[in-house]
Amino acid sequence: MLFSNFFAPTSKDTPADAKIASHILMLRSGMVSQAASGIYYWLPLATRVLEKISRIIDEEQARINSQKMYFTTIQSADLWIESGRYEAYGKEMLRLKDRKDGDFLYSPTNEEQATDIFRKYVKSYRGLPLCLYQIHWKFRDEIRPRFGVMRGREFLMKDAYSFDINFEGAKASYMKMFQAYIRTFRRMGLTPIPVQADSGAIGGNMSHEFQILAETGESTLYYDKKLPTASDEELMNIFAVTNEKYDPNTSSIPENELMVSKGVEVGHIFYFGTKYSKAMNAFVLDENGNKLYPEMGSYGIGVSRLIAAIIESSHDERGIIWPEAVAPFDVTLLNLHHKNEKCREAAQKIYEAINGHRKCSAPTQKEVLYDDREISIGEKFADADLIGIPWQVIVGEKKIKNNLVELKNRKTGEIIEMSPEEIIERFGKKC
RNA sequence: CGGAGUAUAGCUCAGUCUGGUAGAGCACAGCCUUCGGGAGGCUGAUGUCGGAGGUUCAAAUCCUCUUGCUCCGACCA
């Protein structure tokens, strides 16, 4: 992608409304733009990150046989009346009327629809277990939206729904999803902290939140200090709670091994048994021909919030530092001297080698943002650091005389000099 | 929902107290000079002063109503 063609309206000014790093940086880097309170446009840069995150989620869901589909954003109120939540959900739910004066709502969550699609088609215990998920927009009319996309009203959420034949099956599904979430967050360069949680409006009695440590987080976490170094399997059993549940008198962790930090909730999983299957008469026949109401769970990841959480946990005074797995581009190419023929040639050659072979679908292919704009050098460096692509290839006239360019690591600041050919070897498409 | 603010150019804000020609910096467009960390100069374009009503010879400014947005609290992926 050529930066001169790329819609990323960066700014050095900090908008007055933004208070926390992720909000400031998302606005300054041209990722999002506010459309209304708690509602944001997602510009191309942010969209790339949403897609990177979604792909990781998709891969990890596939591993546990959770199948992707789309529920709907607009739902008929009927299902919610049936489940009993139409009244219970309150003002947070956006209610709508169609032209025939029918009652609809914009999905805040989709348990009812998942149960509905299940009961329509699954009639036998042989159809279980089943797990369906989507990554789709939700709307919750928060009393007070704040911190940019961290607490927006409209947000992108991954939500999965599991159906099992009995409690043991449901618990196994819950545990599989638990592990999948740990892997998902770790692949994004994050350290998730699973904490026992209340199940809120979703209902049920087994629930965990996944928190990411961040100074600006809204939750206070108490956890065993072993946690940041634990393996995926160990994480599940390590002590961690939010402040609402922490009681120093009953805590099993000695004070000197206890950590207290602020966290951002990025995932939440629930087991709620037959709450919806019974309310909505979703049943299958078991091997004896008896009615069996499936045991259900639901599993959310706040995809759009994750972007903010990642930035909160990975930035410096100059801008964002993307973990490689979710970066909008793998590498950015800065041509410092666009009037210098050698620089132009070298940059163009590198750009084409990385970006040129669009037919190549090898998994090693890298995406490059080439800053070809005719602007000052300082502005290029500032934008590159602000946008936070993990690797910067810097082409300048001083080095190119000796057939050298620089490879700079955004996170460490480390610079390695190498030839354009070596850059191509490292980032070029390999078919 | 309770409390507190705020609304003037794309952004950050001045001007409002004390009514009298709509402003600055940044950004934007053109030209010139620069060129290893948001450089400098010249020229230029940009506004229903959030909306409605009122007072007045005259309203961004005073009064009334209204809407949006932000912040602080209790709720939430």
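Quick note on labels: first sequence line is chain A, next is B, and so on, each numbered from 1.
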A:K158 vs B:A77: side-chain N/O to OP1/OP2 distance below 4.0 Å: no
Distance between C1' atoms of B:G23 and B:A14 (Å, rounded): 7 Å
OP1 or OP2 of B:C1 under 4.0 Å from side-chain N/O of A:R144: no
Distance test, side-chain N/O of A:R151 to OP1/OP2 of B:C76, below 4.0 Å: no
Polar side-chain atom of A:S261 near backbone of A:L221 as donor-acceptor pair, under 3.5 Å: no
Selected nucleotide, minimal atom distance to A:D17 side chain, candidates B:G38, B:C69, B:A77: B:C69
Heavy-atom donor-acceptor pair, A:Q211 side chain to A:V264 backbone, under 3.5 Å: yes
Nucleotide paired to B:G5 in any strand shown, Watson-Crick or G-U, under 3.5 Å: B:C69
Euclidean distance, atom CD of residue A:E209 to atom C1' of B:C75 [Å, nearest integer]: 13 Å
P atoms of B:G50 and B:U16, separation to the nearest Å: 15 Å
P spacing across the pair B:A9 / B:G30, given as an integer number of angstrom: 24 Å
Spacing of A:I20 atom CD1 relative to B:U70 atom P, expressed in whole Å: 13 Å
Check: A:Y299 ring centroid to A:F178 ring centroid under 6.0 Å: no
Rounded distance (Å) that lies between atom C1' of B:G73 and atom CD of A:E218: 13 Å
Residue pair A:L128, A:F118: steps toward the side chain to side chain contact (heavy atoms under 4.5 Å, CB included) verdict: CA-CA 10 Å; A:L128 298 171; A:F118 177 90; 3.4 Å; yes
Contact letters for nucleotides 24-37 of chain B, in which S counts primed atoms plus P, OP1 and OP2 and B counts the base, heavy atoms under 4.0 Å: --S-------BBBB
Value in whole Å for how far the C1' atom of B:A77 lies from CD of A:Q134: 13 Å
Touch class at under 4.0 angstrom, heavy-atom based, for A:G152 against every strand present: base
Protein-to-nucleotide contact annotation, 5' to 3' order, nucleotides 43-51 of chain B [B base; S sugar-phosphate only; - none; under 4.0 Å, heavy atom]: ---------
A:R410 side chain vs A:Q392 backbone, donor-acceptor pair below 3.5 Å: no
Nucleotide opposite B:A24 in a Watson-Crick or G-U pair, distances under 3.5 Å: B:U12
Between B:G5 (C1') and A:K19 (NZ): distance, integer Å: 11 Å
Sugar-phosphate only, base, or nothing, as touched by A:V266 at under 4.0 Å among non-hydrogen atoms: sugar-phosphate
Side chain A:K380, main chain A:N335, donor-acceptor under 3.5 Å: yes
Interatomic distance at P, B:U66 relative to B:G73, whole Å: 27 Å
Touch class at under 4.0 angstrom, heavy-atom based, for A:Q34 against every strand present: sugar-phosphate
Candidate list A:F6, A:Y370, A:W391, A:Y351, test ring pair (Phe, Tyr, Trp, His ring centres under 6.0 Å), partner A:F329, passing option: A:F6
C1' atoms of B:U56 and B:U61, separation to the nearest Å: 13 Å
Under-4.0 Å side-chain N/O to phosphate OP1/OP2 contact, A:Q211 with B:A77: no
A:R140 to A:Y89 - nearest heavy-atom pair and separation: NE-OH, 3.7 Å
Of all pairs that satisfy side chain to side chain donor-acceptor pair (under 3.5 Å), the ones with a partner from residues 2-12 of chain A, not counting sequence neighbours: A:S4-A:D372, A:T10-A:D383
B:A22 versus B:G47 - spacing of their C1' atoms, nearest Å: 8 Å
Length of the line joining A:I143:CD1 and B:G2:C1', which is rounded to integer Å: 11 Å
Donor-acceptor contact below 3.5 Å, side chain A:R95 vs main chain A:L105: no
Result of checking A:E295, A:Q179, A:H208 against A:Y174 for side chain to side chain donor-acceptor pair (under 3.5 Å): A:H208
Whole-Å gap separating C1' (B:A77) and CZ (A:R146): 15 Å
Phosphate contact (B:U70 OP1 or OP2) by A:S37 side-chain N/O below 4.0 Å: yes
Integer angstrom distance from the P of B:G41 to that of B:G51: 35 Å
Spacing between A:E92 atom CD and B:A74 atom P, to the nearest angstrom: 16 Å
